[in-house]
Amino acid sequence: MVLFRTLLVVIFLALVGYTAIVVSNHGMGLLPVFFGDIAQMAWPGQFNLDFMCFLVLSAVWVSWRHEFSGVGLLLGLIAFFSGALFLSIYLFIQSFKVNGNVGALLLGPSRA
């Protein structure tokens, strides 16, 4: 669990740093670029569509883990729009809440 948590911290820090540089150089115009690439039907668009599917799966999993409660749906929405930046923090915090129990981390405490 220590290595997993370390990986989560590295992912979070790398994304924060990279995002800060991109925003400072290009502004906050992600969505037109993201969907524009998809509309062009080329490899960057294929990658973006694939990534968006991962975001959907992440959002559904987080919502399901919280039994589709109001909080779960809100967290799922945040997961969809924030990607690995959110998921790295979420999993880091949850790993402590479940005392490192991987089953509870994946399924949620009520299902484990």
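Since this is a predicted model, take the numbers as computed values, not measurements.
Residues meeting the side chain to side chain contact (heavy atoms under 4.5 Å, CB included) test with I89, sequence neighbours left out: F12, I93. Under the side chain to side chain contact (heavy atoms under 4.5 Å, CB included) criterion, L13 pairs with V9, not counting sequence neighbours. When the side chain to side chain donor-acceptor pair (under 3.5 Å) test is applied to S95, the partners found at least two apart in sequence or on another chain are R5. Residues passing the ring pair (Phe, Tyr, Trp, His ring centres under 6.0 Å) test with F96 are F92, sequence neighbours excluded.
Remark: F80 CZ to L57 CG distance equals 11.0 Å, nearest 0.5 Å. The distance from the CG atom of L8 to the CG atom of L3 is 11.0 Å, given to the nearest 0.5 Å.
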Could you pull out all donor-acceptor pairs under 3.5 Å where a side-chain atom in residues 27-41 meets a protein atom, sequence neighbours excluded?
none

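The heavy-atom pair separating G76 from V62 by the smallest distance is N-CG1, 4.0 Å. Here the closest heavy-atom approach between residue A79 and residue L55 is recorded as O-CD2, 4.0 Å.
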Could you please spell out the steps behind the side chain to side chain contact (heavy atoms under 4.5 Å, CB included) verdict for L106 and R111?
CA-CA 9 Å; L106 293 173; R111 292 185 177 100; over 6 Å; no

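A single hydrophobic cluster is not seen to contain both F81 and V22; linkage of ILVMFWY side chains at heavy-atom distances under 4.5 Å, directly or through other members, places them apart. Follow the hydrophobic side-chain contacts under 4.5 Å out from F4 and you reach L15 in the same cluster. Taken together through direct or relayed side-chain contacts under 4.5 Å among Ile, Leu, Val, Met, Phe, Trp and Tyr, L105 and I11 form part of one hydrophobic cluster. Linking Ile, Leu, Val, Met, Phe, Trp and Tyr residues whenever their side-chain heavy atoms come within less than 4.5 Å places F86 and V16 in a single cluster. Residues L91 and V56 fall into different hydrophobic clusters, defined by Ile, Leu, Val, Met, Phe, Trp and Tyr side chains chained together at heavy-atom separations under 4.5 Å.
Under the side chain to side chain donor-acceptor pair (under 3.5 Å) criterion, no residue pair touches residues 20-29, with sequence neighbours excluded. Here side chain to side chain donor-acceptor pair (under 3.5 Å) pairs that include residues 50-67, with residues two or more places apart or in two chains, are R65-Y90, R65-Q94, H66-Y90, E67-S110.
The closest donor-acceptor contact from the side chain of N101 to the backbone of G103 lies under 3.5 Å. In this structure a side-chain-to-backbone donor-acceptor pair under 3.5 Å is missing from S82 to L85.
Side chains of F54 and L87 form no contact here, defined as non-hydrogen atoms less than 4.5 Å apart.
Within 6.0 Å of atom CZ in F68, more than 12 heavy atoms from other residues, nucleotides or ligands are found, so the atom counts as buried in its surroundings.
Membership of an apolar cluster is not assigned to V10, as no side-chain contact below 4.5 Å to another ILVMFWY residue is traced.
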